[in-house]
Amino acid sequence: MSDGIWSAASGAISQVMALDVAAENVANASTPAYHGDRVVFREVLTRATAKKQGGFNLKYGAVGSIATDPLAGAITVTGRPLDVALKGPSSYLVVKTAQGERYTRYGSLEVNKNGMVVTRDGDAVLGLDRKPVRLTPGSKVSIASDATVTMDGAPSGQLLTVQFKNPAGLAKEGSFLLRGQPAAGPPAVAPPELETGALEGSNVSPVKGMVDIVNASRAFEVCERVIDAFRDADRRAALDVMGLK
């Protein structure tokens, strides 16, 4: 079998991954605070030994990583007192999950029956003391632009916001949560700057997402044609060796 077919196959696999990422971005183009992903390709050079492969170097395409676009989405005014949008692309709210602390920019908050400020998924939002913000259920609650939580007109805590040196290094968990990674650096407490009564929108452009889907599909088709060409060449070579036409 021709060695080149493996290079084409690796390219096809990479394009399938790129297609999946682009489709996920388009599917979440209207999801609040969703940050799109992009595929980072890399080239792998395999140094074959002269004894086994005739001294040829084989190149393979591969997905090096999937990076999240840290740019902020457009802010939409909702008028809801517990909706907050974080200004600046590198600030995050800190929430407590069953797996530990996680980070989010999705600021559609609510107060649960136990009086805790939580996300739409029920994860507790942490205050400056890194403990869940607790309020009296049924009280009138609002959040100021400096992240101060007010209950019946009196301050009752402040939401914790953090920043990362390299937000693109954070790892996604679902559509709204991010997990800290060494590549992102440690979280640093950041001065809160919120737009209240508003939510951040997705930073994905549906048009660009569709273009990415078309490009990945065409690239896959090219790799598929190359694979077919190598397969036909191998078949003809085998027929020649056997003396068949």
Side-chain angles (χ1 to χ4, degrees), residues 4-46 58-76 85-86 88-93 95 97 99-108 119-121 123 163-185 187 199-228:
I5 197 171
W6 300 115
S7 296
S10 67
I13 293 171
S14 297
Q15 293 305 323
V16 168
M17 293 183 67
L19 184 60
D20 288 343
V21 169
E24 182 74 11
N25 287 341
V26 171
N28 286 281
S30 60
T31 301
Y34 180 84
H35 285 199
D37 292 327
R38 60 185 177 86
V39 172
V40 179
F41 292 101
R42 64 187 176 92
E43 185 178 74
V44 180
L45 179 64
T46 302
L58 305 179
K59 293 183 179 180
Y60 299 94
V63 174
S65 62
I66 297 177
T68 299
D69 184 356
L71 293 178
I75 293 177
T76 302
L86 287 88
S90 59
S91 295
Y92 301 87
L93 295 172
V95 300
T97 72
Q99 292 73 39
E101 287 189 2
R102 296 294 186 265
Y103 312 97
T104 185
R105 289 181 62 85
Y106 185 35
S108 182
T119 65
R120 59 169 284 177
D121 295 326
D123 297 319
Q163 290 181 336
F164 291 87
K165 185 176 181 180
N166 178 30
L170 294 170
K172 273 187 178 179
E173 287 189 359
S175 298
F176 302 111
L177 295 181
L178 296 163
R179 183 178 70 252
Q181 296 278 79
L199 288 176
E200 177 188 351
S202 172
N203 71 352
V204 173
S205 165
V207 175
K208 183 181 182 303
M210 292 304 299
V211 170
D212 291 341
I213 288 176
V214 171
N215 288 341
S217 299
R218 289 177 176 173
F220 176 82
E221 291 172 358
V222 169
C223 292
E224 192 175 34
R225 287 197 293 270
V226 172
I227 292 172
D228 290 340

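The figures here come from the full heavy-atom set of this structure, side chains too, leaving out hydrogens, waters and symmetry mates.
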- Message: Would you compute the distance between atom CG of D20 and atom CD of Q15 and round it to the nearest 0.5 angstrom?
- Response: 11.0 Å
- Message: For the CZ atom of F220 and the CD1 atom of I13, what is their distance to the nearest 0.5 Å?
- Response: 9.5 Å
- With sequence neighbours left out, the residues meeting salt bridge (Lys or Arg N to Asp or Glu O under 4.0 Å) with E173 are R102, R179
- D121: salt bridge (Lys or Arg N to Asp or Glu O under 4.0 Å) partners, not counting sequence neighbours: none
Taking all non-hydrogen atoms of both residues into account, name the closest pair between [X] and [Y] and its distance.
X    : Y    : value
L170 : T68  : O-OG1, 4.5 Å
L86  : R105 : O-NH2, 2.9 Å
Q181 : G169 : CB-O, 3.2 Å
S202 : T31  : CB-O, 3.3 Å
G11  : C223 : C-SG, 3.7 Å
K172 : L178 : CG-CD2, 3.7 Å

- Under the side-chain contact (heavy atoms from CB on, under 4.5 Å) criterion, do L93 and T119 qualify, and how do the steps go? CA-CA 10 Å; L93 295 172; T119 65; over 6 Å; no
- Query: Would N25 and D212 satisfy side-chain contact (heavy atoms from CB on, under 4.5 Å), going step by step from the backbone distance to the final call?
  - Reply: CA-CA 10 Å; N25 287 341; D212 291 341; 5.5 Å; no
- Task: Take D37 and D69 through the test side-chain contact (heavy atoms from CB on, under 4.5 Å) and record every step on the way to the result.
- Result: CA-CA 6 Å; D37 292 327; D69 184 356; over 6 Å; no
- Item | Verdict with reasoning, E200 to H35, per side-chain contact (heavy atoms from CB on, under 4.5 Å) | CA-CA 10 Å; E200 177 188 351; H35 285 199; 2.9 Å; yes
- Query: Quick one: does L199's side chain get under 4.5 Å of Y106's, heavy atoms only?
  - Reply: yes
- Message: Keeping N166 on the side-chain end and G185 on the backbone end, is there a donor-acceptor pair under 3.5 Å?
- Response: no
- Could you label the plane-to-plane angle of the Y103 and F164 rings as parallel, tilted or perpendicular, counting under 30° as parallel and over 60° as perpendicular? perpendicular
